[in-house]
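Below is one structure, written out as structure tokens, with a few remarks after it.
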Amino acid sequence: MLGRLNHIAIAVPDLAAATETYRATLGASVTAPRALPEHGVTVVFVELGNTKVELLEPLGPDSPIAAFLAKNPSGGMHHVCYEVDDILAARDRLKTAGARILGDGDPKTGAHGKPVLFLHPKDFAGTLVELEQS
Ligand code: CO
């Protein structure tokens with residue numbers, strides 16, 4: 001069912017500082033920041049050869065990463081995103097297996113314009129998992 005690693009997302013309290021760390025200290029190629037109000041984050045993509053890292057900063061008062069940053073004030077790894085061929089088939093298989101899908105169980109449009117779902121971290125070794133249709 002699982003395909004490629006699409007991205008790893010890191011929540012950061014200061015996007016400009018984190019971007020500069022990746023650009024200047026690590027020598028990575030980074031994009032300009034992009035505000036995604038419907039997701040409550042501003043994102044910078046760190047472009048790697050085989051995948052990407054997304055640096056996420058809260059946007060707006062109800063950001064879904066605000067609670068995570070309250071617990072991890074200097075930032076931290078927030079989720080991993082795997083690609084699947086068919087997100088509805090993946091969801092149904094996971095539901096049958098007893099895994100918890102976050103939200104109402106219907107895919108939303110993710111940061112790359114493709115359908116995504118999030119899976120409960122307690123069902124996946126303590127890691128928040130995003131599935132994105134490839
Ligand atoms: Co993501």
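Numbering of ligands and ligand atoms starts at 1, following listing order.
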May I have the step-by-step check of side chain to side chain donor-acceptor pair (under 3.5 Å) for E54 and H78, ending in yes or no? CA-CA 10 Å; E54 295 181 5; H78 186 259; over 6 Å; no
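- Here the shortest heavy-atom pairing between G105 and L117 reads O-CD2, 3.7 Å.
- At a threshold of 2.8 Å, the Co ion (ligand 1) has a backbone or side-chain N, O or S atom of H79 nearer than that distance.
- The distance from the Co ion (ligand 1) to the nearest N/O/S atom of H78 is not under 2.8 Å.
- Note on E130: its N/O/S atom closest to the Co ion (ligand 1) is OE1.
- Exactly one of I101, N6, V116, L2 qualifies for a side chain to side chain contact (heavy atoms under 4.5 Å, CB included) with L131. That residue is L2.
- Residues H112 and F45 place their aromatic rings such that the two centres sit under 6.0 Å apart.
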